[in-house]
Amino acid sequence: MDSSCVATSFRIPEQVLTSSGQRMQLLGFGTAAYPLVTPQVAKQAILQAIKLGHRHFDTAYIYGTEQPLGEAIVEAISLGLIISRDELFITTKLWCSNAYGELVLPQLRRSLQNLKMEYVDLFLIHWPLSLKPGRYEFPVRKEEISPMDFGSVWAAMEDCQRLGLTKSIGLSNFSCKKLADILALAKIPPAVNQVEFNPLWNQKKLREYCKANGVLLIGYSPLGASGTLWGSSRVLENEVLKEIAKAKGKTVAQICLKWAFEEGVGVIVKSFNVERMKQNLEILDWSLSEEERKRIGDLPQSRGCTGESFVSENGTFKTIEEFWDGEV
């Protein structure tokens with residue numbers, strides 16, 4: 001890697017997770033790549049991210065990037081970029097085919113093996129449903145979807161935390177209603193709910209509910225997930241965002257990330273392109289005006305990630321409305 005790639009390390013703002021007292025950078029580096037990249041490409045991108053100052057990394061069993069992430073961290077330590085794994089905040093997720101009480105702990109142990117770690121900082125339930133055990137593919141086979149037994153799965157998640165294999169536990173893609181179902185039976189409440197979040201889907205209702213219940217909302221697809229199976233370029237092509245970016249001499253991506261920060265929401269951003277990685281971090285020394293924030297706040301709202309992959313006429317979830325409990 002040529003030396004021109006090695007930029008100054010950025011200081012990224014942090015938030016303390018109330019559940020564990022851990023510090024977590026508000027800008028996480030995502031490792032879900034669509035189309036899939038080789039493990040070597042993923043590993044090099046993660047090393048570059050560490051050089052730039054990223055200390056919060058987001059992976060999942062289904063992404064196939066736990067192993068390259070683990071290898072990149074081993075290399076980062078040997079290069080002296082970090083002193084130990086304890087400097088990092090690592091999130092991984094339970095895939096739906098392991099969303100059964102007796103399969104949660106075995107999956108986390110496999111994830112830790114992939115990551116070459118003794119613990120993760122945050123372990124999330126990836127989606128609020130179960131799939132046929134043993135199947136690891138996306139898109140999923142809709143006929144293999146079944147309702148998740150929240151009680152047994154959440155109890156197993158709590159066991160993972162009690163055993164010290166994860167510092168905190170949480171959720172991903174849970175509506176207010178499904179989050180309420182978990183809160184009603186939890187002995188250890190979820191620390192986090194990671195969901196789609198960007199100027200065109202600002203999750204106002206869910207954010208208020210999470211805040212009222214001490215759950216931190218973390219956003220994925222802050223730029224609309226352009227180029228993925230579920231995303232589109234609608235955020236990056238939005239005229240209002242383009243106007244604000246032009247007036248400020250910034251990119252639309254920088255406007256979206258800055259807006260998320262100013263809304264107090266942590267986000268997972270994914271780019272394996274070194275220049276864009278740097279741009280994504282160049283959002284700390286300027287602000288949006290009150291008027292600009294109002295214009296962004298007034299944008300029409302609709303989900304980008306509809307959950308359509310999990311919806312079918314004869315299935316567990318018959319409509320998108322049902323899947324999100326009317327929160328569309």
Side-chain angles (χ1 to χ4, degrees), residues 12-32 54-63 66 69-70 73 84-95 98-99 101 103-128 148 150-174 178-195 197 206-207 209-220 264-268:
I12 301 168
E14 297 177 326
Q15 176 140 1
V16 174
L17 278 186
T18 45
S19 56
S20 62
Q22 295 158 281
R23 304 186 72 77
M24 180 192 77
Q25 284 183 341
L26 279 173
L27 195 64
F29 188 82
T31 63
H54 278 288
R55 296 293 180 265
H56 171 188
F57 291 87
D58 181 270
T59 185
Y61 196 73
I62 196 69
Y63 298 165
E66 288 177 333
L69 175 56
I73 291 165
S84 81
R85 172 263 176 272
D86 299 345
E87 290 178 44
L88 305 175
F89 187 100
I90 307 294
T91 300
T92 195
K93 308 181 193 79
L94 176 79
W95 185 239
N98 292 322
L103 299 182
V104 174
L105 184 57
Q107 192 220 282
L108 180 54
R109 289 195 193 280
R110 286 199 298 278
S111 290
L112 290 171
Q113 219 174 341
N114 290 340
L115 289 159
K116 300 176 177 56
M117 289 177 190
E118 289 171 11
Y119 70 93
V120 289
D121 298 276
L122 182 60
F123 187 37
L124 305 178
I125 297 177
H126 207 150
W127 288 93
M148 186 192 296
F150 285 172
S152 66
V153 172
W154 191 254
M157 295 288 285
E158 293 176 335
D159 286 342
C160 291
Q161 182 167 332
R162 287 191 198 100
L163 288 166
L165 300 176
T166 181
K167 303 278 189 191
S168 295
I169 49 178
L171 309 166
S172 183
N173 300 301
F174 274 60
K178 291 184 179 75
L179 173 54
D181 291 343
I182 295 284
L183 288 167
L185 51 83
K187 291 186 177 71
I188 302 173
V192 158
N193 189 14
Q194 188 187 115
V195 293
F197 177 79
L206 184 61
R207 274 157 71 195
Y209 187 77
C210 283
K211 196 174 179 183
N213 286 281
V215 178
L216 180 67
L217 188 133
I218 297 179
Y220 67 74
V265 174
V267 289
I268 305 298

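Everything numeric here is computed off the predicted structure, so don't read it as measured data.
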Set of ring pair (Phe, Tyr, Trp, His ring centres under 6.0 Å) partners for Tyr209, sequence neighbours left out: none
Parallel, tilted or perpendicular: ring planes of Phe174 versus Phe150, cut at 30 and 60 degrees: tilted
Closest non-hydrogen atom pair between Pro128 and Lys178, with its separation: CB-CD, 3.6 Å
From CD1 (Ile12) to NE2 (His54), nearest 0.5 Å: 5.0 Å
Check: Gln107 side chain, Lys93 main-chain N or O, donor-acceptor pair, under 3.5 Å: yes
Candidate pair Leu108 and Val120, rule side-chain contact (heavy atoms from CB on, under 4.5 Å), full reasoning: CA-CA 9 Å; Leu108 180 54; Val120 289; 4.0 Å; yes
Asn98 side chain near Pro106 side chain, heavy-atom distance below 4.5 Å: no
Salt bridge (Lys or Arg N to Asp or Glu O under 4.0 Å) contacts in which one or both residues fall within residues 104-118, not counting sequence neighbours: Glu71-Lys116
Heavy-atom side-chain proximity of Trp154 to Lys187 below 4.5 angstrom: no
Ion pair Arg162/Asp159, N-O distance below 4.0 Å: yes
For Leu26 against Val265, the heavy-atom pair lying closest together: CD2-C, 4.4 Å
Reported CG-to-CD distance for the pair Leu122 and Gln161, which is rounded to 0.5 angstrom: 9.5 Å
Side-chain heavy atoms of Pro189 within contact of Val215, under 4.5 Å: no
Shortest non-hydrogen separation from Ala99 to Met148 and the atoms involved: CB-CE, 3.7 Å
Tyr220 vs Asn173, side-chain contact (heavy atoms from CB on, under 4.5 Å): CA-CA, chis, key distance, verdict: CA-CA 10 Å; Tyr220 67 74; Asn173 300 301; 2.5 Å; yes
Side chain Thr31, main chain Asp58, donor-acceptor under 3.5 Å: yes
Atom pair CG (Asn193) and CG (Leu206), whose distance is rounded to the nearest 0.5 Å: 5.5 Å
Heavy-atom check, side chain of Tyr119 versus side chain of Asp86, under 4.5 Å: yes
Rounded distance [0.5 Å steps], CG in Leu165 versus OG in Ser111: 11.0 Å
Donor-acceptor contact present, side-chain Gln194 to main-chain Leu124, <3.5 Å: no
Donor-acceptor under 3.5 Å (Asp121 side chain, Ile90 main chain): yes
Within-4.5 Å side-chain heavy-atom neighbours: Leu115 and Arg85: no
Closest non-hydrogen atom pair, Ala60 against His126: CB-CE1, 3.7 Å
Side chain proximity check, Ser168 to Val192, heavy atoms < 4.5 angstrom: no
Main-chain N/O of Gln25 paired with His56 side-chain donor or acceptor, under 3.5 Å: yes
Minimal non-hydrogen separation, Leu183 against Pro190, with atom names: CD2-CD, 3.8 Å
Note, Thr92 side chain near Thr166 side chain (heavy atom, < 4.5 Å): no
Arg23 side chain vs Phe89 backbone, donor-acceptor pair below 3.5 Å: no
From Ile268 atom CD1 to Phe57 atom CZ, the distance as rounded to the nearest 0.5 Å: 10.5 Å
Side-chain touch Leu163/Leu105, heavy atoms, less than 4.5 angstrom: yes
Heavy-atom pair with the smallest gap, counting every atom of Val153 and Gly101: CG2-N, 3.9 Å
